Amino acid sequence: MRTLVLFTRDLRVHDHPALSAACAGGGEVLPLFVADPQMLARSRNRAAFLHDALADLDGSLSRRGARLIVRRGDVATAAIREATRWRCDAIYLSRDVTELARRRVDAIRDAVGMMPVVEFSGNEVVDPGAVAPSGMPAYRVFTPYLRAWEQASRRPVEPAPRMIRPVPFVRPGHPPARPAVSARLPAGGEGPGRALVERFLRRGLASYEDRRDDLAADATSHLSPYVRFGCVSPNEIDHRSDGRVGSGPLRRQLAWRDFFRQLVAADPSRTRRDLRPGWAPAWRHDPAAFEDWCAGRTGEPLVDAAMRQLLEEGWMPNRARLIAASYLTRTLRLDWRLGAAHFDRELVDGDPCSNTGNWQWVAGTGANPRRGTALNMDRQATRFDRDGAYRSAHAS
């Protein structure tokens, strides 16, 4: 048995069901990642993080006997070519929910004919569609979803393979070049990700609920880039945090991620179309105001600090994202898609499901059951940056 394991947004060896299944029978495994130039061009920050993550993954595979095979180009085309060239018996990969991911799997299946193309769980705690309201493909409101999510069964955590039998004579290739980015960008990879999980569970989890919205405290988990690239498994984080002091808010964040993914799984166009289109206001057209928002020069100190942090670090805490998004959509009344596209360019953890889901929520056109109102910036500053330390840290 010779199996091609196609890595996409699952760049790890721990709790990787597709990789575990490929290794289980003792057959040869071809671990493949395809660097799509179009995807790399979307965000320099994510391209740099990806470079690190691929190097780390190659090291993990090498210690188990294999190398990561890296190719460039269209993912489906390259996967088909490598599976055919090396006479693989099957292609295994982790299931994904976006339009691009679904088209990719369909293209591979159409091209390889009778060769099995098997999708495994791996990117969620609870698989999309595993829980759903009666007569509906997905939950549209988070609270009832959360209740069902908390009661849903979990798959066991898969241990990392002890040995991987490689396909001989395959040239490994090289990861894409690492672009120049801010030195404050986190190092990508499963190794740094797992180390961060350990530190957070030991030192940060107990105070997470009380401190995560304190903008100057910088007390969020910072796990989101590692979850976005699959360097760490959300399922393993859920298992390891369950029952610990302070685990409720962290697991709730994992549930939010699964919530947005099950919406996109039910309708992949959800990443660009409103869930509640009838609630959309008449958006203004004001390119100058949008550019000022992007650059952090709106004149609203808390918003500007958030936007400058994004440009400086490729990241900002969730509270800052809510503040910036509310100002763009509720105060400036500019289309949420503009903000979502800017976040997608700059965020190292930019994820199509969570990014657009959260933007629609703030704009009042998504899963929020109430239309909501603009956040009061003075009140937000008083509650979450009382002494102005966050605004000072990111002053112009």
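Note that the structure is a prediction, hence the values are computed from the model and not measured. If you read the sequence from its start, that first residue is 1, and numbering goes on from there.
- A salt bridge between R102 and E119 is present, with a side-chain N of the basic residue lying under 4.0 Å from a carboxylate O of the acidic one.
- For the pair R154 and W149, the cation-pi criterion (under 6.0 Å, within 45° of the ring axis) is fulfilled.
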Open item on the list: Applying salt bridge (charged side-chain N to carboxylate O under 4.0 Å, His left out) to E236 and R194, what does each step give before you reach the verdict?
Closed with: CA-CA 10 Å; E236 184 175 4; R194 292 184 70 81; 3.0 Å; yes
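- Ring centroids of F142 and W361 are separated by 6.0 Å or more, keeping the two rings apart.
- Look at D349 and R228 and you find no salt bridge, because none of the NZ, NE, NH1 or NH2 atoms lies under 4.0 Å from a carboxylate O.
- Taking the charged nitrogens against the carboxylate oxygens, R337 and D274 do have a contact shorter than 4.0 Å, which makes a salt bridge.
- Between the side chains of S94 and N123, no donor-acceptor pair is found at a separation under 3.5 Å.
- We find that R12 and D56 are not joined by a salt bridge, their nearest charged nitrogen and carboxylate oxygen being 4.0 Å or further apart.
- Applying the ring pair (Phe, Tyr, Trp, His ring centres under 6.0 Å) criterion to W86, with sequence neighbours excluded, gives no partner residue.
- Partners of R211 by side-chain hydrogen bond (donor to acceptor under 3.5 Å, both in side chains), not counting sequence neighbours: none found.
- Aromatic pair Y92/F120: ring centres closer than 6.0 Å.
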TODO: Please report the C-alpha distance between D36 and R42 in whole Å, then the side-chain angles of each, then the deciding distance to 0.1 Å, and finally whether the salt bridge (charged side-chain N to carboxylate O under 4.0 Å, His left out) criterion is met.
DONE: CA-CA 10 Å; D36 184 338; R42 288 180 60 175; over 6 Å; no
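- R270 and Q360 share no donor-acceptor pair across their side chains, judged by distance under 3.5 Å alone.
- With respect to D89 and R2, no salt bridge is recorded, no charged nitrogen being found less than 4.0 Å from a carboxylate O.
- Residues F259 and L275 share a single hydrophobic cluster, defined by chaining ILVMFWY side chains whose heavy atoms lie under 4.5 Å apart.
- In this structure, the ring of F200 has its center less than 6.0 angstrom from the ring center of Y208.
- Between F49 and Y226, a ring centre-to-centre spacing shorter than 6.0 Å is recorded.
- Dense packing is recorded around CZ of R244, with more than 12 heavy atoms of other residues, nucleotides or ligands lying under 6.0 Å away.
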